[in-house]
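Bear in mind the structure is a predicted one, so any value in this text is a computation, not a measurement.
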Amino acid sequence: MSIHTRTNYPTEKAPDNACSLPRDLLTEEQMEQINFTLIEALHTNKQVYLTYYKKGQCITEKGFIQFVDSLGNLFVFIDEVFELKNKMKLSELIDVRFT
């Protein structure tokens, strides 16, 4: 598998209220919860909904976390639709929830 940046792939409906605040307006507690959920999903191999902004739109995708680098502001996930590795900045995330 190769690593891809995100393009316009089919997405799931965003969880209720997930897009109410952009990442820079999230509280420290909300950002810590996102990081905690990512790490837990990585270690348990549980599927998650990832919600993020891209070009002014709120997008939610379902996938599995493969790598998290909190200090480097980076994570890698495998999307459910195309089963491709996708690299994204942690700062782009709005919400992460278990499916």
Side-chain angles (χ1 to χ4, degrees):
M1 287 186 193
S2 59
I3 295 179
H4 297 275
T5 55
R6 298 309 302 148
T7 58
N8 255 346
Y9 294 147
T11 58
E12 301 283 332
K13 180 183 179 291
D16 293 338
N17 299 327
C19 295
S20 58
L21 293 173
R23 175 79 177 185
D24 61 345
L25 295 180
L26 295 178
T27 66
E28 185 70 28
E29 183 179 321
Q30 288 169 315
M31 289 186 286
E32 286 177 12
Q33 183 60 46
I34 286 172
N35 288 333
F36 177 80
T37 304
L38 285 172
I39 298 295
E40 183 177 349
L42 173 68
H43 290 293
T44 61
N45 201 36
K46 290 183 180 177
Q47 192 173 46
V48 292
Y49 288 111
L50 299 161
T51 303
Y52 57 94
Y53 276 120
K54 177 146 184 135
K55 296 183 181 179
Q57 293 187 351
C58 187
I59 298 171
T60 297
E61 295 192 71
K62 195 187 298 186
F64 293 91
I65 306 302
Q66 187 174 55
F67 175 80
V68 178
D69 179 2
S70 297
L71 295 177
N73 188 34
L74 174 74
F75 74 101
V76 175
F77 72 98
I78 300 174
D79 70 79
E80 179 184 60
V81 177
F82 295 104
E83 297 181 354
L84 294 174
K85 289 184 182 180
N86 302 281
K87 186 165 80 170
M88 186 182 295
K89 292 180 180 180
L90 288 168
S91 59
E92 294 174 347
L93 283 172
I94 300 166
D95 191 42
V96 178
R97 298 180 190 199
F98 290 106
T99 58

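At least one side-chain heavy atom of Leu93 sits less than 4.5 Å from a side-chain heavy atom of Leu38. Put simply, the side chain of Leu42 does not reach to within 4.5 Å of the side chain of Phe67, judged on heavy atoms. Side-chain contact check for Tyr52 versus Glu61: some heavy-atom pair is nearer than 4.5 Å.
If you take CD1 on Ile94 and CG on Leu50, they are separated by 11.0 Å, rounding to the nearest 0.5 Å. Taking CG of Asp69 as the start and CG of Leu74 as the end, the distance is 6.0 Å to the nearest 0.5 Å. Here the straight-line distance linking atom OG1 of Thr44 with atom CD1 of Ile39 works out to 11.0 Å at 0.5 Å rounding. Taking CZ from Phe75 and CG from Asn86, the interatomic distance works out to 8.5 Å, rounded to the nearest 0.5 Å. In this structure, the separation between OG on Ser70 and CE on Met31 is 12.0 Å, given to the nearest 0.5 Å. Atom CG in Asn45 sits 9.5 Å away from atom CD in Gln66 (nearest 0.5 Å).
Under the rule for a side chain to side chain contact (heavy atoms under 4.5 Å, CB included), the partners of Phe98 that lie at least two apart in sequence or sit in another chain are Thr37, Glu40, Ala41, Lys46, Val48.
Using a 4.5 Å cut-off between side-chain heavy atoms of Ile, Leu, Val, Met, Phe, Trp and Tyr, with links allowed through other members, Phe77 and Phe64 fall into different hydrophobic clusters.
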Residue pair Ile34, Leu26: steps toward the side-chain contact (heavy atoms from CB on, under 4.5 Å) verdict | CA-CA 10 Å; Ile34 286 172; Leu26 295 178; 3.9 Å; yes
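Nearest approach of Asp79 to Val81, heavy atoms of both residues: OD1-N, 3.2 Å. Considering every non-hydrogen atom in both Thr99 and Lys62, the closest pair reads CG2-CG, 3.6 Å.
Looking at Asn73, its side chain does come within 3.5 Å of a backbone N or O of Leu90 through a donor-acceptor pair.
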